[in-house]
Structure formats: structure tokens, C-alpha cells
Engineer: 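Take this structure first; my questions come after.
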Amino acid sequence: MFDYLIVGAGFAGSVLAERLASQLGKKVLIIDTRSHIGGNAYDHYNDAGILVHKYGPHIFHTNSRDVFEYLSQFTEWRSYEHRVLASVDGQLVPIPINLNTVNQLYGLNLTSFQLEEFFASVAEPKDYIRTSEDVVISKVGRELYEKFFRGYTRKQWGIDPSELDKSVTARVPTRTNRDNRYFTDSYQAMPLHGYTRMFEKMLAHPNIKIMLNTDYREISQIIPYQEMIYTGPIDQYFNYRYGKLPYRSLDFKHETINTPLHQPVAVVNYPNEHLYTRVTEFKYLTGQEHPKTSIVYEYPRAEGDPYYPVPRPENAELYKKYKALADATPGVNFVGRLATYKYYNMDQVVAQALTVYTKLAAYSKTQENNHVVTAA
């Protein structure tokens, strides 16, 4: 008898498996339909011996000391600050848009103060910020919006930014200084030996058993367990009772190149006519030394593995219906991106899982106390 059946071996499922096994002594079975642990953060050495991220770049950054210290139990870190360039008007310029971006793009020599005035002169103020288009145009005006955001967003989401929730582009800041870093979080680092090695250590507890290439529905009636933690798509759990929740998917085209480095930074965005949105070179992320290099092209798709919940009001309403079903389902905890239909960064998934663990631990202690009282 397992105390917990955990569906999904990504961050949410693995963190909960580790905590329940190591802190509460629970017996845990974690299963995944894929052939590996680690979810979308899975990395591996390709045929050339280069460490690559199978499902696109996963750059770890967080402002949470608790999350960083928790993961530090399972990995050493390599300090890494992410930088991204965008291919615009035949140039590679920094994104998020900052002082360097505008000066390079327009051949200017503005100061930070002058850049604030420049943004103010081109911005189109909005009384109410509703869409992704509103967010950008109200900050930097229509021309920079067209150059950097509209094409990229339309490719990424299959929808014009004027129809997308403001949360999508609100994630990308605009700066008036020369800070070219993509993130400004307190903790920015990559697992020294890769994500998969970190997950292997996380799940190495003797109380944790792992089944891969397995659909939980095939075994949930056969293998006895007390509670379930479900990290898969919430609509799938309920057999799409109210219809499918829309997601965007990605196709990845990996390529190994016979040169030590291929591009000047880890990621180059293509907010233009190319079918792909960005190209990632993994050696920047991993710090690996190798005579060859490996890159991946990302092609957004409507169908395929679910990656990004589509943030539109009607989708939020549909999710609410599924959440009501989830709340009324005893013995099942819905955790993670897919189960809560929300775009979380990796650190946010870890934080959510740790919060759920705290609740489960408190409940477990209450049950033990009640059992002691009853026995007495």
C-alpha cells in the first residue's frame, strides 16, 4: 500500500515525493507517461556528447531564498545570468528593451534620463490596460511594439496581442538603464551537472518508487494507495467534461554544429517573418566545454504536448468549472502548471509544491493525533 500516488515526475510531483518520503516517512509511487523524470526540465547528453535541454531552455531564477536553499540540497550551482538578443531590422539588439537597445537600433546616444523622455514621447497612454498590446504600447509606443512584440507574440500564441490577456507581455520589463540581463532575480544559477541529475538525487529516497512510460489510469485501480497528487492537465483528469482547455505547444528542432560557438548569447529571439520564435545555444547555459555546439529552434504549434495555458477570459472561466470539480474531489491534490492551468516559472512550481506539502504534513499530524486519542 502506497500512501501517495503522484502523477507526473516534473518539479511539482518530484518536490512533493521527496518531502513526503524524507520528512514524513510516507511511501510514494511517482509515475509518468514519458520515458524520463524531470518533466519539461529534463536534460541529457546528445549523440555528440553535448548537454541539451530536450524541451527548450530552462533558466533557473528566483527571489525566494527558501526555494533556492531547498533545491541546493540536490545540486551544486553554476552562476549564470541570462542574456537575450532580438533580431530586429537586420541587427541583434538586447531585449528587454533598454538604453542599449534604443541607442543601437536608432543610432542615438541617449542618457537614461533622455530615454525616459523618449519613451514618454512615443508611448500611447491607456485609461485601462486590458490586453498584451495595451501593456507594450502604453510603455514604449507602437513602433517598438511592432518591431519587438507583435510578430513574436502572434507566432507564440497564434493570436494577435490585442486579443491576449495583459499578463503575457507584462512579464517582460522595459528598462531605462543599460542592464542587459533578462532577469534581475536575487538568485540566478543553473544546476552544475544539469536538471536530470538534480531530479535523480531528489527522487533517490528508498520510500520513493518510480514508474515511467505509464499512464496512471492503467494502474490506479490495480495498485493500492491512499491519496493522489495529480500534476497533469486538469481537463484530462475529468475526461474533458466541459471541453478541452486551450494550450499552445512547441516543436523543437535540435541541431549540432561543428564549431565551438554559434551565436553571441544563449538565446536569440526572432520577432519577424521566421517560423521559429527563438534559437537557444545550450553551452552558454551549461558552461560545457566542447569542440562542437548544439542549438534548438522553437516552432510554436496549436496541437501537441501542452506547454502554455492560453490566457484569455473565456479560458479562465472554463478552468473555474474544472477547479470546482477538483475542489469537490476528495483524496486528490491538484498541483503544478497543468493541474492549475497557470503559467508558472520553475521556482513558482517548487514554491507551490512546498506549500502543498506543508498543508499535507499538518493534515497528517492531525490524523496521527486523532488516532492516538482514539487508541487511548
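Because the structure is predicted, anything quoted here is derived from the model rather than measured.
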Engineer: Report yes if some heavy atom in the side chain of I6 is under 4.5 Å from a heavy atom in the side chain of V28; otherwise report no.
Structural biologist: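 Counting from C-beta outward, I6 and V28 do come under 4.5 Å.
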Engineer: Heavy-atom count check: over 12 atoms from other residues, nucleotides or ligands less than 6.0 Å from E303 CD?
Structural biologist: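 Not buried by this count: 12 neighbours or fewer within 6.0 Å.
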Engineer: Before accepting this row, confirm whether a basic side-chain N of the pair R150/D160 lies closer than 4.0 Å to the acidic partner's carboxylate O.
Structural biologist: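 Between D160 and R150 there is a salt bridge, with a charged N closer than 4.0 Å to a carboxylate O.
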Engineer: In residues 234-247, what donor-acceptor pairs under 3.5 Å come from side-chain atoms, sequence neighbours left out?
Structural biologist:
from: D235; atom 1: OD2; to: L245; atom 2: N; distance (Å): 2.8
from: Y247; atom 1: OH; to: L338; atom 2: O; distance (Å): 3.4

Engineer: Indicate, with yes or no, if M190 and V265 share a hydrophobic cluster defined by side-chain heavy-atom contacts under 4.5 Å among Ile, Leu, Val, Met, Phe, Trp and Tyr.
Structural biologist: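 No; M190 is not reachable from V265 via cluster members.
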Engineer: Distance from Y344 atom OH to R337 atom CZ, nearest 0.5 Å?
Structural biologist: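 Between Y344 OH and R337 CZ, I get 11.0 Å after rounding to 0.5 Å.
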Engineer: Go through the steps to decide whether V268 and V84 satisfy the test side chain to side chain contact (heavy atoms under 4.5 Å, CB included), and finish with yes or no.
Structural biologist: CA-CA 6 Å; V268 177; V84 178; over 6 Å; no
Engineer: Can you say whether the rings of Y319 and Y341 are parallel (under 30°), tilted (30 to 60°) or perpendicular (over 60°)?
Structural biologist: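 The arrangement is parallel - the two ring planes meet at less than 30°.
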Engineer: Less than 4.5 Å apart, any side-chain heavy atom of R19 and any of L354?
Structural biologist: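 Sidechains of L354 and R19: in contact.
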Engineer: Who passes side chain to side chain contact (heavy atoms under 4.5 Å, CB included) against T277, sequence neighbours left out?
Structural biologist: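 Y152, K155, Q156, E298, P300.
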Engineer: In Å, rounded to the nearest 0.5 Å, how long is the span from CD of E116 to CG of N177?
Structural biologist: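 So the gap between those two atoms works out to 10.0 Å.
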Engineer: Same cluster or not: are Y307 and V279 linked, directly or through other Ile, Leu, Val, Met, Phe, Trp or Tyr residues, by side-chain heavy atoms under 4.5 angstrom apart?
Structural biologist: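 In one cluster: no.
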Engineer: Sequence neighbours left out, what passes ring-ring contact (aromatic ring centres under 6.0 Å, His included) with Y308? Give chain and number order.
Structural biologist: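 Y308: ring-ring contact (aromatic ring centres under 6.0 Å, His included) contacts with W157, Y343.
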Engineer: Can you pull the side chain to side chain donor-acceptor pair (under 3.5 Å) pairs that have at least one residue in residues 191-200, sequence neighbours excluded?
Structural biologist: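 For residues 191-200, and leaving out neighbouring residues, the side chain to side chain donor-acceptor pair (under 3.5 Å) pairs sorted by first residue read D43-T196.
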Engineer: So, taking the atom named CG in L203 and the one named CZ in F74, what distance separates them when rounded to the nearest 0.5 Å?
Structural biologist: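 L203 CG to F74 CZ: 9.0 Å, rounded to 0.5 Å.
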Engineer: Listed by chain and number, what are the ring-ring contact (aromatic ring centres under 6.0 Å, His included) partners of F60, not counting sequence neighbours?
Structural biologist: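 Once residues adjacent in sequence are excluded, the partners of F60 under the ring-ring contact (aromatic ring centres under 6.0 Å, His included) criterion are W77.
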Engineer: Give the minimum heavy-atom separation between L285 and A266, together with the two atoms involved.
Structural biologist: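 Shortest heavy-atom contact: CD2-CB, 3.8 Å.
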Engineer: side-chain contact (heavy atoms from CB on, under 4.5 Å) with F252: which of V52, T280, V296?
Structural biologist: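 By the side-chain contact (heavy atoms from CB on, under 4.5 Å) criterion, F252 pairs with just one of V52, T280, V296: V296.
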Engineer: Compute whether any side-chain donor of one residue and acceptor of the other, for N180 and R83, lie under 3.5 angstrom apart.
Structural biologist: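 No.
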Engineer: For residues N269 and I95, determine if any side-chain heavy atom of one lies less than 4.5 Å from a side-chain heavy atom of the other.
Structural biologist: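 N269 reaches I95 side chain to side chain.
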Engineer: First locate atom OG1 of T131, then atom CD of E163, and finally report the distance between them rounded to the nearest 0.5 Å.
Structural biologist: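 The distance works out to 9.5 Å.
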Engineer: Closer than 4.0 angstrom, basic N to acidic O: yes or no for K27 and D3?
Structural biologist: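 Salt bridge absent between K27 and D3.
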Engineer: Going through the checks in order, is the side chain to side chain donor-acceptor pair (under 3.5 Å) test met by E18 and Y70?
Structural biologist: CA-CA 11 Å; E18 187 281 326; Y70 169 73; 2.7 Å; yes
Engineer: Which atom names give the shortest non-hydrogen contact between S220 and L5, and what distance separates them?
Structural biologist: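 So the two residues come closest at CB-CD2, 4.3 Å.
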Engineer: Tell me, which pairs form a ring-ring contact (aromatic ring centres under 6.0 Å, His included) where one or both residues lie in residues 10-31, sequence neighbours left out?
Structural biologist: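 Counting only pairs at least two positions apart or across chains, the ring-ring contact (aromatic ring centres under 6.0 Å, His included) contacts touching residues 10-31 are F11-F199.
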Engineer: Is R142 close to E133 at the side-chain level, that is, under 4.5 Å between some pair of heavy atoms?
Structural biologist: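 Yes - at least one pair of side-chain heavy atoms lies under 4.5 Å apart.
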Engineer: Under a 4.5 Å side-chain heavy-atom rule over Ile, Leu, Val, Met, Phe, Trp and Tyr, are L29 and Y357 clustered together?
Structural biologist: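 L29 clusters together with Y357.
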Engineer: Shortest non-hydrogen contact from N207 to G25?
Structural biologist: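 Nearest pair, atom of N207 first, then G25: ND2-O, 3.2 Å.
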Engineer: I'd like to know if D165 pairs up with R312 as an ion pair, taking the criterion as any Lys NZ or Arg NE/NH1/NH2 lying under 4.0 Å from an Asp or Glu carboxylate oxygen.
Structural biologist: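 Looking at D165 and R312, the cut-off is not met.
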Engineer: Residues two or more places apart in sequence or in another chain: which of them pass side chain to side chain donor-acceptor pair (under 3.5 Å) with N333?
Structural biologist: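 Listed in chain order: E227.
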Engineer: Quick one: list whatever passes ring-ring contact (aromatic ring centres under 6.0 Å, His included) with H290, sequence neighbours left out.
Structural biologist: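 With neighbours one apart ignored, the set is empty.
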Engineer: Taking atom types as modelled and ignoring hydrogens, do the side chains of R34 and N40 form a donor-acceptor contact shorter than 3.5 angstrom?
Structural biologist: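 Indeed, the side chains of R34 and N40 share at least one donor-acceptor pair under 3.5 Å.
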Engineer: State which residues pass ring-ring contact (aromatic ring centres under 6.0 Å, His included) with Y276; sequence neighbours excluded, sorted by chain then number.
Structural biologist: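 So Y276 forms a ring-ring contact (aromatic ring centres under 6.0 Å, His included) with Y270, H274, Y297, Y299.
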Engineer: Partners of T293 by side chain to side chain contact (heavy atoms under 4.5 Å, CB included), sequence neighbours excluded?
Structural biologist: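 If we apply the side chain to side chain contact (heavy atoms under 4.5 Å, CB included) test to T293, skipping adjacent residues, the hits are I257, T259, H262, E281, K283.
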Engineer: Does D327 CG have over 12 foreign heavy atoms under 6.0 Å away?
Structural biologist: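 Atom CG in D327 is packed in, count exceeds 12.
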Engineer: For I229 and V332: C-alpha separation, side-chain torsions, deciding distance, then whether side chain to side chain contact (heavy atoms under 4.5 Å, CB included) applies.
Structural biologist: CA-CA 6 Å; I229 292 167; V332 184; over 6 Å; no
Engineer: More than 12 foreign heavy atoms under 6.0 Å from CD1 of I219: is that the case here?
Structural biologist: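 More than 12 heavy atoms, drawn from other residues, nucleotides or ligands, come within 6.0 Å of this atom.
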Engineer: Taking the side chain as everything from C-beta on, heavy atoms only, tell me whether P96 gets closer than 4.5 Å to Y182.
Structural biologist: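 Result yes, sub-4.5 Å side-chain heavy-atom pair found.
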Engineer: Taking the side chain as every heavy atom from C-beta outward, state whether L105 and F148 have any pair of such atoms under 4.5 Å apart.
Structural biologist: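 Counting from C-beta outward, L105 and F148 do come under 4.5 Å.
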Engineer: If the condition is salt bridge (charged side-chain N to carboxylate O under 4.0 Å, His left out), which residues does E76 pass it with, not counting sequence neighbours?
Structural biologist: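 Counting only residues at least two positions away or on another chain, E76 forms no salt bridge (charged side-chain N to carboxylate O under 4.0 Å, His left out).
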Engineer: How many angstroms lie between CD1 in I59 and CD in Q188, if you round to the nearest 0.5 Å?
Structural biologist: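 If we round to the nearest 0.5 Å, I59:CD1 and Q188:CD are 10.5 Å apart.
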Engineer: Using a 6.0 Å cut-off, check whether atom CZ of R130 has over 12 heavy atoms from anything other than its own residue.
Structural biologist: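 Atom CZ in R130 is not crowded, with 12 or fewer foreign heavy atoms closer than 6.0 Å.
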Engineer: Minimum heavy-atom separation for L16 and A353, please, with both atom names.
Structural biologist: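 Where L16 meets A353 most closely, the heavy atoms are CD2-O, 3.5 Å.
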Engineer: Quick one about S364 and K26 (side-chain donor to acceptor, distance below 3.5 Å, no hydrogens or angles considered), yes or no?
Structural biologist: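 The answer is yes; a qualifying pair exists.
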Engineer: What are the two closest non-hydrogen atoms of G10 and D32, and how far apart are they?
Structural biologist: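 Closest heavy-atom pair between G10 and D32: N-OD2, 4.4 Å.
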Engineer: Are a donor atom and an acceptor atom from the side chains of Q226 and Y4 found within less than 3.5 Å of each other?
Structural biologist: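 Absent: no donor and acceptor within the cut-off.
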Engineer: Consider only side-chain N and O atoms of S64 and D66, and report whether a donor and an acceptor are under 3.5 Å apart.
Structural biologist: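 Short answer, no.
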Engineer: Might you confirm whether atom CD of E314 has over 12 heavy atoms from other residues, nucleotides or ligands at distances under 6.0 Å?
Structural biologist: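 Count over threshold, so yes.
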Engineer: Could you check, using the six-membered ring where one of them is a Trp, whether H82 and Y80 have ring centers closer than 6.0 angstrom?
Structural biologist: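 Judged by ring-centre distance (under 6.0 Å), H82 and Y80 do meet the cut-off.
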Engineer: How long is the straight-line distance from CG of N272 back to CD of E146, given to the nearest 0.5 Å?
Structural biologist: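 Answer rounded to 0.5 Å: 13.0 Å.
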Engineer: Strictly by modelled atom types, are N63 and S186 linked by a side-chain donor-acceptor pair under 3.5 Å?
Structural biologist: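 Yes - a donor-acceptor pair under 3.5 Å links their side chains.
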Engineer: Do V310 and V135 sit in the same hydrophobic cluster, where Ile, Leu, Val, Met, Phe, Trp and Tyr count as joined when their side-chain heavy atoms come under 4.5 Å apart?
Structural biologist: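 In one cluster: no.
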Engineer: When you group the ILVMFWY residues by side-chain heavy-atom contacts below 4.5 Å and let the links chain together, are F282 and Y45 in the same group?
Structural biologist: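 As far as the 4.5 Å side-chain criterion goes, F282 and Y45 are not connected within one cluster.
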Engineer: With Y187, which residues qualify under side chain to side chain contact (heavy atoms under 4.5 Å, CB included), at least two apart?
Structural biologist: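 Listed in chain order: T62, R65, F68.
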Engineer: Surrounding CG of N213 (heavy atoms of other residues, nucleotides or ligands, distance under 6.0 Å), is the total greater than 12?
Structural biologist: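 Yes, because the 6.0 Å sphere around CG of N213 holds more than 12 heavy atoms from other groups.
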